[in-house]
Amino acid sequence: MKQIIILILFISIFTGCEVNKKKPGSEKKTDEIKTTVINNKTDKKVDSVLALMTLKEKIGQMNQYTGFWEVTGPAPDKGEKAKRYEQLKEGLIGSMLNVTGVDEVRKVQKIVVEESRLGIPLIIGYDVIHGYKTLSPIPLAESASWDLEAIKKSAKVAALEASATGINWTFAPMIDISRDARWGRVMEGAGEDPYLGSKIAYARIKGFQGEDLSAENTVAACAKHFAAYGFAEAGREYNTADIGTSTLYNIVLPPFRAAVRADVKTFMNSFNELNGIPATGNKFLQREILKGAWNFKGFVISDWSSIGEMITHGYAKDGKQAAELAVNAGSDMDMESVVYIRFLETLVKEGKVDEKLIDDAVRRILKVKFELGLFDDPYKYCDLEREKQIIGSKENNDAVLDMAKRSIVLLKNENKLLPLKKQGLNIALIGPLANDKNSPLGSWRAAADENSAISVLEGLQKYTGNKIVHKKGVRLVDGKATFVNELHINTTDRTGFTEAIKAAKNKDVVIMVLGEYAFQTGEGRSRTSIDLPGLQQELLEEIYKVNKNIVLVLMNGRPLAITWADEHIPAIVESWHLGTQSGNAIAQVLYGDYNPAGKLPMTFPRSLGQIPIYYNHKNTGRPTLQSPEMVFWSHYSDESNDPLYEFGYGLSYTTFKYDHLKLSKLKFSKDEEIEVSVRLTNTGEIKGEEVVQMYIRDLVGSVTRPVRELKGFEKVSLKAGETKTVTFKINAETLQFYTGNSKWEVEPGDFDIWIGGNSDADLKASFTVVE
Ligand code: NOJ
């Protein structure tokens with residue numbers, strides 16, 4: 001019987017014949033609900049499969065479980081797991097996550113393909129956030145490169161490795177804008193700016209999905225978390241997001257819009273509520289905006305148990321209602337809440353959920369499976385030979401090393417302390433992270449082996465001309481920290497201080513590697529302090545007392561408040577969590593074999609109390625001091641309003657000069673396009689790269705506009721003494737915003753424009769837009 005069904009299925013697939021009698025475009029469209037329009041061959045194939053499915057099987061496609069038993073071992077014979085195993089055989093699971101490796105994926109796929117009635121292959125998802133086994137820098141670090149080609153390539157390498165191990169879907173990129181360094185997940189995003197965030201979202205999706213999704217080396221991407229997860233109040237993980245329309249449209253949504261333009265295949269909704277409605281049950285976000293206005297054709301997966309959590313939010317009274325709310329709101333696949341599989345069938349029978357919505361969700365899911373080529377060959381990602389060849393290859397390591405170097409930001413370099421001489425120096429290398437082979441992997445390390453990163457010590461040791469003494473100085477973490485356990489930071493044991501201080505004395509230079517342990521960042525890792533954790537600040541100050549010639553290398557997943565270090569330490573290098581090749585990249589920068597060119601994608605505050613602090617803030621009605629003794633203006637009485645390091649900031653071993661800012665027209669209509677150009681000169685002695693940034697301010701708006709907004713950037717490479725002219729275009733797309741009319745439009749009026757190497761650029765011009 002099963003064979004016959006499979007035969008029908010495949011005949012219909014290959015002939016493209018419509019088993020389902022529905023006509024193209026015949027689905028009902030209401031104001032609120034727009035279902036997939038059948039418009040191409042794949043859609044016809046999808047419909048043919050759909051026609052063969054029972055309601056239960058359809059709902060099965062909407063059900064995703066995590067890897068639940070050692071699939072390479074014997075199947076469980078009792079309990080919840082055994083039930084899931086049976087569901088696999090009955091075709092009641094559409095997707096699995098956390099099943100990795102060709103062997104395991106093949107086994108689980110085989111159960112479904114060979115034993116379930118229709119044999120519809122599983123889509124296999126995994127959190128391939130910045131690589132699979134060979135890790136790139138964390139996404140926040142990559143974003144500091146402002147290098148879209150490199151970022152795209154990094155995602156491509158991640159896809160290459162992931163797909164070689166059976167995975168065909170990554171839960172990345174995370175494109176949540178965030179202005180709060182307390183939030184642990186800022187490490188996973190592109191920082192605070194919607195323009196940069198949109199460009200990076202686009203690049204990463206193109207990198208993961210490639211030109212041809214059905215190729216064996218590409219994976220489906222997932223734009224997450226829809227929406228406003230990065231606006232969790234007080235930076236506390238999973239907290240409420242309450243934001244206005246202008247912030248939602250102008251700041252939060254643009255990267256998601258860019259993701260749809262990049263043809264991202266899936267979206268993930270989020271844990272948080274937005275303005276009182278959990279994102280998972282949010283019809284406005286998912287049906288009106290995403291599937292309606294943006295016409296998104298892929299599918300939406302919930303976040304892990306986020307459908308069930310609508311009960312805890314106080315939005316659904318039980319699992320059944322949660323399922324009803326989620327599916328009606330547009331959540332197509334249930335990740336681990338186990339409520340779709342339990343309740344949807346009854347909900348349809350009771351008329352609470354329209355079966356058309358189930359069909360729509362399943363169509364979307366099947367379509368992605370078709371596009372991945374899983375119907376042609378469910379085992380196409382399961383080639384053991386390929387897995388062996390690709391994972392951890394030299395090419396992949398070279399690629400992540402390149403990305404790691406591009407991600408480093410030089411924050412301070414007084415008296416040209418850097419780069420270091422390669423010969424004859426006596427160096428003390430100090431700090432808990434100096435020989436840490438684990439922290440550079442970050443907390444989203446996918447399948448990377450523990451301690452598989454090159455440490456700074458190892459990287460530096462490749463340069464043999466100097467003498468290095470290494471001392472840890474202090475322990476950062478007590479006990480063994482893992483992905484799931486709560487960290488204990490050492491705040492009492494200073495026993496390592498003495499030998500570190502001794503080692504630092506009389507050395508030509510001290511390199512201190514300080515920052516955050518891997519598992520202090522990422523999901524579930526919000527902090528109320530953004531200082532150097534534990535005893536590291538104290539250690540830094542003690543070492544400084546005996547040797548002021550310090551290069552501070554920071555390893556962290558979020559902006560830190562390092563105001564003391566900025567005042568005292570002559571050289572500071574932001575290295576983030578750089579992935580597998582971390583130590584090699586850092587060593588090449590410290591020795592000048594690579595000239596750093598990274599720019600901050602997120603503002604570094606002077607102190608925690610300034611958070612949320614971001615460059616594209618509003619002006620307020622009282623932005624400046626009226627007279628010296630007046631207190632009635634927007635400020636703090638104990639801290640400046642300025643950040644420590646502004647968005648877009650970063651130094652180089654060379655210097656750049658900007659001049660000749662010119663506009664092709666100073667007055668133009670809102671449908672015209674003009675050009676703005678600037679001359680950039682490398683005024684130093686070595687070759688370098690500079691990210692030329694264009695900021696615009698719309699002086700008057702129906703909704704107040706930020707003091708500056710990034711509207712263009714270009715990374716330029718210049719030889720010593722070389723000059724280049726960089727040109728940007730300004731048109732309606734550059735100037736439009738979500739206005740008081742609830743529309744994206746340009747409002748005529750006066751604008752200021754700045755071009756320079758950071759968000760404080762002072763080379764300025766003005767222009768006027770007329771009707
Ligand atoms: C929860 C996270 O929020 C999400 O980003 C991730 O993809 C899922 N867990 C699956 O691991």
Side-chain angles (χ1 to χ4, degrees), residues 63-68 93-100 122-132 138-140 155 158-159 162 165 167-178 183-190 201 204-205 208 219-232 235-241 255-256 259 264-274 278-280 282 285 298-310 312-313 326 331-338 368 442-448 482-484 519 521-526 557:
N63 183 31
Q64 186 195 54
Y65 290 145
T66 186
F68 43 80
I93 302 176
S95 171
M96 288 189 65
L97 77 156
N98 298 333
V99 179
T100 57
L122 296 163
I123 176 169
I124 306 284
Y126 197 52
D127 289 289
V128 183
I129 306 298
H130 52 109
Y132 179 74
I138 55 167
L140 186 65
T165 69
I167 292 158
N168 38 51
W169 178 23
T170 176
F171 304 123
M174 188 193 95
I175 54 181
D176 297 303
I177 299 296
S178 183
W183 190 46
R185 289 192 92 164
V186 296
M187 55 76 64
E188 202 182 334
R204 299 195 78 212
I205 290 161
F208 285 129
V219 297
C222 181
K224 71 188 189 185
H225 306 84
F226 199 59
Y229 183 33
F231 276 73
R236 200 187 77 211
E237 184 64 293
Y238 313 130
N239 206 2
T240 305
F256 291 101
V264 71
K265 295 300 165 189
T266 70
F267 259 59
M268 185 185 291
N269 52 38
S270 54
F271 289 123
N272 59 285
E273 65 163 70
L274 172 61
T280 305
N282 202 312
L285 284 175
F299 69 89
V300 179
I301 179 154
S302 77
D303 204 341
W304 185 292
S305 80
S306 70
I307 301 181
E309 285 172 23
M310 291 202 291
T312 334
H313 273 289
S331 297
D332 301 310
M333 191 181 273
D334 171 4
M335 181 193 283
E336 275 291 344
S337 288
V338 202
V368 176
S443 61
W444 269 129
R445 54 187 56 191
T482 68
F483 182 67
V484 286
F519 296 116
T521 71
E523 186 180 349
R525 276 106 184 172
S526 295

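The chain is numbered in sequence order, starting from 1. Remember, it's 1-based here, ligands and their atoms both numbered in the order they're listed. None of the values given here were measured: they were computed from a predicted structure.
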> Hydrogens and angles aside, do Asn269 and Ser302 bring a side-chain donor and acceptor to less than 3.5 Å of each other?
no

> Polar-atom distance check: Glu188 versus ligand 1, any N or O pair below 3.5 Å?
no

> In ligand 1, which numbered atoms sit nearer than 4.0 Å to a non-hydrogen atom of Phe171?
7 (O)

> Spell out, as yes or no, whether a donor-acceptor pair under 3.5 Å connects the side chain of Lys224 to the backbone of Pro173.
no

> Do ligand 1 and His225 have nitrogen or oxygen atoms that lie under 3.5 Å from each other?
yes

> Give a yes/no on ligand 1: does Thr66 have at least one heavy atom closer than 4.0 angstrom to it?
no

> Pairing donors with acceptors under 3.5 angstrom, does anything connect the side chains of Asn272 and Ser270?
yes

> Any side-chain heavy atom of Trp304 sitting closer than 4.5 Å to one from Glu523?
no

> Nearest protein heavy atom to atom 7 (O) of ligand 1, by residue and atom, and its distance?
Asp127 OD1, 2.6 Å

> Near Phe271, which atoms of ligand 1 are under 4.0 Å from a heavy atom of that residue?
1 (C), 3 (O)

> Quick one: look at Asn98 and ligand 1, take heavy-atom pairs under 4.0 Å, and tell me if it's side chain, backbone, both or neither.
neither

> For Asp332, enumerate each residue passing the salt bridge (Lys or Arg N to Asp or Glu O under 4.0 Å) test, keeping only those at least two apart in sequence or located in another chain.
Lys291

> Hey, do the aromatic rings of Trp444 and Tyr126 have their centres closer than 6.0 Å?
no

> Can you name the residues that form a salt bridge (Lys or Arg N to Asp or Glu O under 4.0 Å) with Arg445, not counting sequence neighbours?
none

> Is there at least one pair of N or O atoms, one from Tyr229 and one from ligand 1, spaced under 3.5 Å apart?
no

> Determine whether the side chain, the backbone, both or neither of Arg185 has a heavy atom under 4.0 Å from any heavy atom of ligand 1.
side chain

> Could you identify the single nearest non-hydrogen protein atom to atom 1 (C) of ligand 1 and state the distance to 0.1 Å?
Asp303 OD1, 3.0 Å

> Classify the angle between the aromatic ring planes of Phe267 and Phe226 as parallel (below 30°), tilted (30 to 60°) or perpendicular (above 60°).
perpendicular

> At under 4.0 Å between heavy atoms, is it the side chain or the backbone of Lys224 that contacts ligand 1, or both, or neither?
side chain

